[in-house]
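Working notes, structure below.
Every chain is numbered from 1 and lettered A, B, ... according to where its sequence line falls, protein lines coming before strand lines.
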Number of protein chains: 2
Amino acid sequence: MAKTIPDGKNELEPLMKLIGILSTPWTMLLLHRLHLEGPKRFGELKRRLGAISTKTLTERLRMLEGEGWLNRHYEPTVPPQVTYSITDKVMELDGVLTELVQIAEQWYGKKTKKGKK
Amino acid sequence: MAKTIPDGKNELEPLMKLIGILSTPWTMLLLHRLHLEGPKRFGELKRRLGAISTKTLTERLRMLEGEGWLNRHYEPTVPPQVTYSITDKVMELDGVLTELVQIAEQWYGKKTKKGKK
DNA sequence: CAGCATCCAAGGTGATACTG
DNA sequence: CAGTATCACCTTGGATGCTG
């Protein structure tokens, strides 16, 4: 989570929590992958994300699972297979995320070929 | 910003940036205050936010001003008066934020009087 | 394969003191 | 009043090495 989010006695607490989760490094990429590519195994996920460390990936996965954002399916084969997929809950964010993506694209995207960067 | 946001070669870059700004500690509270209480001076803002340090408040203010989210009005009186207010740009986020707040409230709020905490 | 345990470096924040 | 400058601390992610 974006760690030090003070708050505490404010009505924005829930929002802070949501934003906090969404903004934790790798989380968006993770959900994004799982969303448009379907269930994936640990190794596959790690490769697809690139530079993430097993430690961080594990933390994110556990955290999101705990929050009910991901499902963890363990297949006790040899070697073991663990597959992750997003829950229906996360789909509720689809609309808002789409809007956010649009605004983000509008503000920071360089689609207008006039990219500043 | 939620600091280490890797990305780099991904189409979610703009979103990451937006989320990153929104999730930077104190930013939401800051925008929230300015949004429903109107323009405010540095000191007032600091008092209203509670535990924020002058250093952090200054950083946030400068950052948001640089992003075009806030207006900084300097009045060279003695003592000097500096007033901050949100820009129209930020108002574009109003809708999405409202939605996000709803979902957040639904997922993490304890409005159902059955609050877990 | 999927993860856990360690060590360590880096960035961010709070506290404090000082200035135009 | 509105910052700026320092410093010390704490959280967090990366790199490694090891295991069922």
Side-chain angles (χ1 to χ4, degrees), chain A residues 1-8 10 16-17 19-30 33-34 39-67 70-85, chain B residues 1-8 10 16-17 19-30 33-34 39-67 70-85:
Chain A
M1 184 178 296
K3 55 176 176 185
T4 323
I5 289 183
D7 200 72
N10 183 301
M16 300 301 272
K17 162 119 184 179
I19 290 285
I21 295 174
L22 285 176
S23 67
T24 303
W26 301 105
T27 298
M28 297 289 303
L29 289 312
L30 210 49
R33 287 280 175 231
L34 259 20
K40 278 197 161 32
R41 295 175 55 188
F42 189 92
E44 168 92 14
L45 226 29
K46 187 173 189 311
R47 278 192 294 284
R48 303 284 287 168
L49 291 175
I52 194 172
S53 64
T54 67
K55 178 191 172 186
T56 303
L57 178 54
T58 299
E59 286 182 1
R60 282 309 102 79
L61 256 16
R62 292 268 180 292
M63 185 260 261
L64 292 173
E65 189 197 346
E67 295 294 339
L70 297 183
N71 294 306
R72 180 173 187 274
H73 180 66
Y74 179 75
E75 204 61 56
T77 55
V78 179
Q81 287 190 31
V82 181
T83 307
Y84 293 89
S85 56
Chain B
M1 185 177 297
K3 52 178 177 181
T4 324
I5 288 184
D7 200 69
N10 183 301
M16 300 301 272
K17 162 118 184 179
I19 291 284
I21 295 174
L22 285 176
S23 68
T24 304
W26 300 107
T27 297
M28 297 289 305
L29 289 313
L30 210 49
R33 286 280 176 233
L34 259 19
K40 278 198 159 32
R41 295 174 56 187
F42 189 91
E44 168 91 12
L45 226 28
K46 187 174 189 313
R47 278 191 295 284
R48 303 285 287 167
L49 291 176
I52 194 172
S53 63
T54 66
K55 178 191 172 188
T56 302
L57 178 54
T58 299
E59 287 182 1
R60 280 310 100 80
L61 256 16
R62 292 269 181 291
M63 186 261 262
L64 292 173
E65 188 196 347
E67 295 293 339
L70 297 184
N71 293 307
R72 178 173 187 274
H73 181 67
Y74 179 75
E75 205 60 55
T77 55
V78 179
Q81 286 189 32
V82 181
T83 307
Y84 294 91
S85 57

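- Distance from the side chain of A:Phe42 is smallest for C:dA2 among the nucleotides C:dA15, C:dA2, D:dG13.
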Interface polar pairs with nucleotides 4-6 of chain C, N/O, under 3.5 angstrom:
| unit_1 | atom_1 | unit_2 | atom_2 | d |
| --- | --- | --- | --- | --- |
| C:dC4 | OP1 | A:Arg62 | NH2 | 3.1 |
| C:dC4 | N4 | A:Thr54 | OG1 | 3.0 |

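- Residues from residues 73-84 of chain B with heavy atoms under 4.0 angstrom of DNA chain C, sorted by number: B:Pro80.
- Atom CE of A:Met63 is separated from atom P of D:dT11 by 16 Å (rounded to the nearest Å).
- The shortest side-chain heavy-atom distance between B:Thr83 and B:Glu75 does not fall under the 4.5 Å cut-off.
- Once rounded to the nearest 0.5 Å, the distance linking NE2 of B:His73 with CZ of B:Arg41 reads 11.0 Å.
- Here B:Arg33 does not pair with B:Glu44 in a salt bridge; the nearest charged N to carboxylate O distance is not below 4.0 Å.
- Rounded to 10 degrees, the angle separating the terminal axes of the helix from C:dC1-D:dG20 to C:dG20-D:dC1 is 50°, with each axis obtained from five end pairs.
- Taking CZ of A:Phe42 as the reference point, atom CD of A:Gln81 lies at 14.5 Å (rounded to 0.5 Å).
- Taken from CG in B:Leu49 to CH2 in B:Trp26, the straight-line distance is 6.0 Å, to the nearest 0.5 Å.
- Within the structure, every side-chain polar atom (N or O) of A:Arg72 is placed at least 4.0 Å from both OP1 and OP2 of C:dA2.
- Side chains of A:Leu34 and A:Leu45 form a contact here, defined as non-hydrogen atoms less than 4.5 Å apart.
- Looking at A:Met63 and A:Glu59, their side chains never come closer than 4.5 Å, going by heavy atoms from C-beta outward.
- Using a 4.5 Å heavy-atom cutoff, the side chains of A:Leu61 and A:Leu30 are in contact.
- One finds the CD1 atom of B:Ile52 at 4.5 Å from the CG atom of B:Leu57 (value rounded to the nearest 0.5 Å).
- Here the nucleotide nearest the side chain of B:Arg41, chosen from C:dC1, D:dC1, D:dA15, is D:dC1.
- Residue A:Trp26 places at least one side-chain N or O closer than 4.0 Å to OP1 or OP2 of D:dG14.
- Panel note: side chain A:Lys40, backbone A:Tyr84; no donor-acceptor pair is recorded below 3.5 Å.
- Atom C1' of nucleotide C:dG3 and atom CZ of A:Arg60 are separated by 15 Å, given to the nearest angstrom.
- A straight line from CG of B:Leu49 to P of D:dA2 spans 14 Å, rounded to a whole angstrom.
- The backbone N or O of B:Ser23 lies less than 3.5 Å from no partner atom in the side chain of B:Thr27, so there is not a single donor-acceptor pair.
- Nucleotide D:dA15 holds its C1' atom 14 Å from the CD1 atom of A:Ile52, rounded to whole Å.
- Between the CG atom of A:Leu29 and the C1' atom of D:dG13 there is a distance of 15 Å, rounded to whole Å.
- Rounded to whole angstrom, the span from the CG atom of A:Leu61 across to the P atom of D:dG13 amounts to 14 Å.
- With rounding to whole Å, B:Lys46 atom NZ is found 11 Å from C:dT16 atom P.
- A straight line from CG of B:Leu57 to P of D:dC1 spans 14 Å, rounded to a whole angstrom.
- The shortest distance between the side-chain N/O atoms of A:Thr56 and the OP1/OP2 oxygens of D:dG13 is not below 4.0 Å.
- With hydrogens and angles disregarded, a donor-acceptor distance shorter than 3.5 Å links the side chain of A:Arg60 to the backbone of A:Pro25.
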